[in-house]
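A quick write-up on the structure given underneath.
Both counts, for ligands and for their atoms, begin at 1 and track the order of listing.
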Amino acid sequence: MALTRNDFPEGFLFGAATAAYQIEGARFGGCGSSHWDSFARTPGNVAGAEDGSLACDHYHHWEADLDLLKDGNFDAYRFSTSWARVLPEGRGKPNPEGLDFYDRLVDGILERGLKPFQTLYHWELPSALADLGGWENRDVAQWFGDFTEVIDARIGDRVARIATINEPWCVAWLSHFLGVHAPGKRDIRAATRAMHHVLLAHGTAVQRLRARGRDNLGVVLNFDFCDPASNAQEDWKAADLNDQIFNRWYIEGITRGAYPPELLGALAPHMPEGWQDDMGLISQELDWLGVNYYTRHIHAADPGAPWPATKQVEGHLPKTQSGWEIYPDGLYHFLMRAHEETGGLPIFVTENGMAWDDRIENGAVPDPEREAYIDRHLAAVRMALADGANVQGFFYWSLLDNYEWAEGYEKRFGLVHVDYETQVRTPKASYHHLARMLERR
Ligand code: GCO
């Protein structure tokens, strides 16, 4: 039996998510340069050396894109406001065109009866701040706080919910230890500092916004299920350490004001001085939590290797175009865990989705794999609801095919297909599937 709205609690919100750099087109409207522009322009970092300068040209197509949400019977839209578009130098003089753009966008969302869910940082750090050390520099927290106030003064009166940072693990570990995202560093000291400063920036933004009277504040964390490769104790330990690196550092920093002791022990020599004094600011009360969930990874001990001395082992579940195993149980697991860890805070699934090699066939885009992916993950949400988790909404990632960071434009996550030559949008079968499910009868 196909799911309907009635299978979810009254008021449960369904939405789709995007992010500024992935869709807008950074070359338009006086947007400043960000570390993603220079990272993409450096050979070897991004598939096809592609960047977000044009992307989906959402800067000019935003009205039609919002119509897609309305026509798809969605309730909410999660978008991000680009730091580099609002403050091209990262600090100082705002770009009036950028502020006007987000002002119109929020009005357009509201006019279509949708709730605006804003994300303040979805990764386009202004180059001028990257020059000063970016996330390695403690001052980033104040710079971010200042940016937060500038954009909030313009649109904060009309957004339903505000998230500070999108996926701190990606901002810190993926970008400063693994070197996969901008700024492409591979340095344990840089990573450790970014791990702390990204949460300090979160706390600073919450403090600044509280002072402005906001009561709709949260953060978006990404969770990855860490399974051991075998029953051997070393493999369990490897999975556990990866769980600390990927998941626990961020959620426990925010909810408990403490970092997991084993991981902290390993990183201690690289922690910024006086970090202990920041933990109160980092663990301020929040109004909601965003959970992003895509997949699991399988970990094994790698005794000869340097810390963390673990390696990933290939799993055997069906995979998406990104090579990610499809594992809906992980979503159930993290919703229950987030529920317990936050003491029952409202939770939104702020991202869940899959990439596939979608093609237009006779004007349509059949994507039964995505329909099944969505159904199975919504079933996991229903299980968590039945077991008491306070889940209040679900956002599919993403509304549109878009710039998938280091993967360029090849990986298609959208409910709506985008032809990057013509900018023509074609809703996929999964879009119609959701629209039917969300129809109000
Ligand atoms: C994310 C990112 C998205 C990615 C998506 C798929 O928050 O991880 O927000 O930008 O496109 O996760 O990898």
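Considering only non-hydrogen protein atoms, atom 11 (O) of ligand 1 sits nearest to Glu404 OE1, 2.5 Å. Summary of contacts: the protein heavy atom closest to atom 3 (C) of ligand 1 is Trp397 CZ2, 3.4 Å. Nearest non-hydrogen protein atom to atom 10 (O) of ligand 1 is Gln22 OE1, 2.6 Å. For atom 8 (O) of ligand 1, the closest non-hydrogen atom of the protein is Glu167 OE1, 2.6 Å.
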Just do the salt bridge (Lys or Arg N to Asp or Glu O under 4.0 Å) check on Glu149 and Arg212 with the steps written out, would you? CA-CA 8 Å; Glu149 290 187 0; Arg212 297 178 54 80; 5.7 Å; no

Compile the donor-acceptor pairs under 3.5 Å between side chains in residues 27-34 and protein atoms, sequence neighbours left out, one pair per line.
unit_1: Ser33; atom_1: OG; unit_2: Ser127; atom_2: OG; d: 2.6
unit_1: Ser34; atom_1: OG; unit_2: Trp36; atom_2: N; d: 3.1

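Relative to atom 5 (C) of ligand 1, the option among Phe413, Trp123, Tyr293, Tyr294 with the closest non-hydrogen atom is Tyr294.
Note on ligand 1: Trp324 sits in its first shell, one or more heavy atoms being nearer than 4.0 Å. Judged by the shortest distance from any of its heavy atoms, His122 lies inside the 4.0 Å radius around the atoms of ligand 1.
Taking the six-membered ring for Trp and the full ring otherwise, the centers of Trp135 and Tyr121 sit less than 6.0 Å from each other. Taking the six-membered ring wherever Trp is involved, the centroid distance between the rings of Tyr409 and Tyr420 falls below 6.0 Å. Checked against a 6.0 Å centroid threshold, the rings of Phe394 and Tyr396 do not count as neighbours. The ring of Tyr403 has its center closer than 6.0 angstrom to the ring center of Tyr21.
Within ligand 1, the atoms closer than 4.0 Å to a non-hydrogen atom of Trp405 are 3 (C), 4 (C), 10 (O), 11 (O), numbered from 1 in the order shown. Of all the atoms in ligand 1, the ones that sit under 4.0 Å from a non-hydrogen atom of Asn292 are 7 (O).
When heavy-atom distances to ligand 1 are checked against a 4.0 Å cut-off, Asn222 has no atom that comes that close, whether in backbone or side chain.
In summary, of the residues considered (Glu340, Glu285, Glu341), a side-chain hydrogen bond (donor to acceptor under 3.5 Å, both in side chains) with Thr255 occurs for Glu341 alone.
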